[in-house]
Amino acid sequence: MEIFHISAECYPMAKVGGLADVVGALPKYQTNAGHKLRVVVPCYDTKFRNENEFEYVHWGSVTLGNFEFPFSVLKETTDKLGYELYLIEIKELFDRPNVYGYEDDIERFVSFQIAALDWISGRKIVPAVINCHDHHTGLIPFLLKYAYKYENLREVRTVITIHNGLYQGWFGFDKLHYLPEFDLIHVGFLEWGNSLNSLAVGIKCANFVTTVSPSYLNEINISANGLESLFNSVRTKSRGILNGIDIEVWDPSKDKMIIKNYSLESSEIGKQKNKEKLCEQFELDPSKPLFSFIGRLFEEKGGDLLPQVSALALSENFENINILILGSGNSVIEDQLVQLRNDYKGNYNVFIGYNEELAHLIYAGSDFILMPSRVEPCGLNQMYALRYGTIPIVRRTGGLRDTVIDFGDDGNGICHDQASVGDICYSVNRAVKLYDDKINFNKIRKIGMETDHSWERVCQEYIEIYNLIIEKNEI
Ligand code: ADP
């Protein structure tokens, strides 16, 4: 069947977090399963856009109230990604380096959705399914059903996959005129909590709703930034599907971004070499256990706890451990983390920013990865860490609950229940003891490296849902 994924991110074109990894990998595995896959993302000014060949396949123009934005559709020409990648080029709105964070994000993503649908509705073939991702594409299920100009796409089935329900793409009804004309009798679908809520629209109007882990689906019925009752009301058309990982991109035996490749058999020596490189780069001691964190420095990720955890763990265990942090986000957290460098020189370091290569090296060279998240819809870091033989230390929440089991229960990691400094430090202490017990440490590392989180198995679950909504034939 022909399947479109429409998203704000897709690795390697544009990545901020896990959304990009999923949209960059799932379609590849769906192609391998025999389907025709096309991925559509905005044309940002990124390295991938500038270093690869594209051809123009469509031109059009989007009207947003009084504004008119010419757009073009570009197709990546090599097909090396394992699916067809299309970029929606709206120069005025997307020819910028960042994916999000601009004052006109609403205008950017509303026009992106309209341009994508204008192009799709002008094609000869009507796709079977459009899989939308997060609020940036949440209006699509509504527009397909009710906008007059997409009459020829009424049969297309839609799925919205929720990677993060905290962000919902709210805007005022004063911008209602941005949307293509539709019968106003349906305007209620757009409203949630007195504003136009893009994610809520997607949840109401899509034929199916998926979340990126089963536990996250349970959790958002209780806490979902105001959408709890809506999630409850759509339970019969929702399912939590645990994300997979791209085992070709994330493979310690082939990864070109790390210093020494290794497999399960050679993991001890391979990881040590990568650790030595990391420690040299960040002035740490390779003979001590290395605890790392990679991610967005926000409360949601427990980022605010990291300065205190680092200070406490390093003073209690001073000279026994190293801590290395890679991330960016809240500037107060960033400043606190940078400040700690002076106090714990030789045992602690931080890299503020986004660095894909460094992330790979950290997964390869660390002994433990810290994930103290308050909210974690799925979390990919723990799965990459497991594959690279790095033991995850996680708070039991969302997808972390579904993928990491405490070693006390014969599992693959270390778990705690509270997003608190005390709980995290207690886990760090358990990890230090485990590190000294080489037999058990290697046993747990092995369990992790043998865990299969590949998309091959998981992508079939998406296909099952597509088949289900096609068979049901509800418009
Ligand atoms: P998120 O909520 O941010 O999407 P996930 O765990 O699902 O969290 O995915 C995070 C992805 O982003 C992983 O591939 C991780 O390695 C990557 N990542 C996060 N922060 C950084 C950073 N500062 N530098 C490099 N990669 C990063």
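When a ligand or atom number is given, it counts from 1 through the structure's own listing order. Values below: all heavy atoms of this structure, side chains included; hydrogens, waters and symmetry mates excluded. Count residues from 1 along the sequence.
With ring centers used as reference points, Y100 lies under 6.0 Å from H136. Residues F109 and F94 bring their aromatic ring centres within 6.0 Å. Between F441 and F407, the ring center distance fails the sub-6.0 Å criterion.
Atom 9 (O) of ligand 1 has its closest protein heavy atom at G18 N, 3.1 Å. If you check which protein heavy atom lies closest to atom 23 (N) of ligand 1, you get G353 O, 2.9 Å. Distance from atom 13 (C) of ligand 1 to its nearest protein heavy atom, with residue and atom name: N381 OD1, 3.4 Å. Scanning all protein heavy atoms for the shortest distance to atom 5 (P) of ligand 1 gives L380 N, 3.7 Å. Among all non-hydrogen protein atoms, the one lying nearest atom 25 (C) of ligand 1 is N355 O, 3.3 Å. Summary of contacts: the protein heavy atom closest to atom 16 (O) of ligand 1 is Y363 OH, 2.8 Å.
Residue-level proximity to ligand 1 for E300 is absent, since no heavy atom of it falls below 4.0 angstrom. Neither the backbone nor the side chain of N243 comes within 4.0 Å of ligand 1, counting heavy atoms alone.
Put simply, part of K301 is less than 4.0 Å from ligand 1, judged by heavy atoms. Under the 4.0 angstrom criterion for non-hydrogen atoms, G327 is in contact with ligand 1. Every heavy atom of M371 sits 4.0 Å or more from the atoms of ligand 1. The shell of residues lying under 4.0 angstrom from ligand 1, judged by heavy atoms, excludes F351.
For Q308, the CD atom counts as loosely surrounded, since its 6.0 Å shell holds 12 or fewer non-hydrogen atoms of other residues, nucleotides or ligands.
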Worked check of salt bridge (Lys or Arg N to Asp or Glu O under 4.0 Å) between D367 and R445: CA-CA 9 Å; D367 298 298; R445 174 179 276 174; 3.7 Å; yes
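Taking the centre and axis of the six-membered ring of Y102, the NZ or CZ atom of R108 falls outside the cone set by 45° and 6.0 Å.
Considering backbone and side-chain N/O atoms, R296 comes within less than 3.5 Å of an N/O atom of ligand 1.
The option from W250, Y354, F298 that lies nearest to atom 27 (C) of ligand 1, judged by heavy atoms, is Y354.
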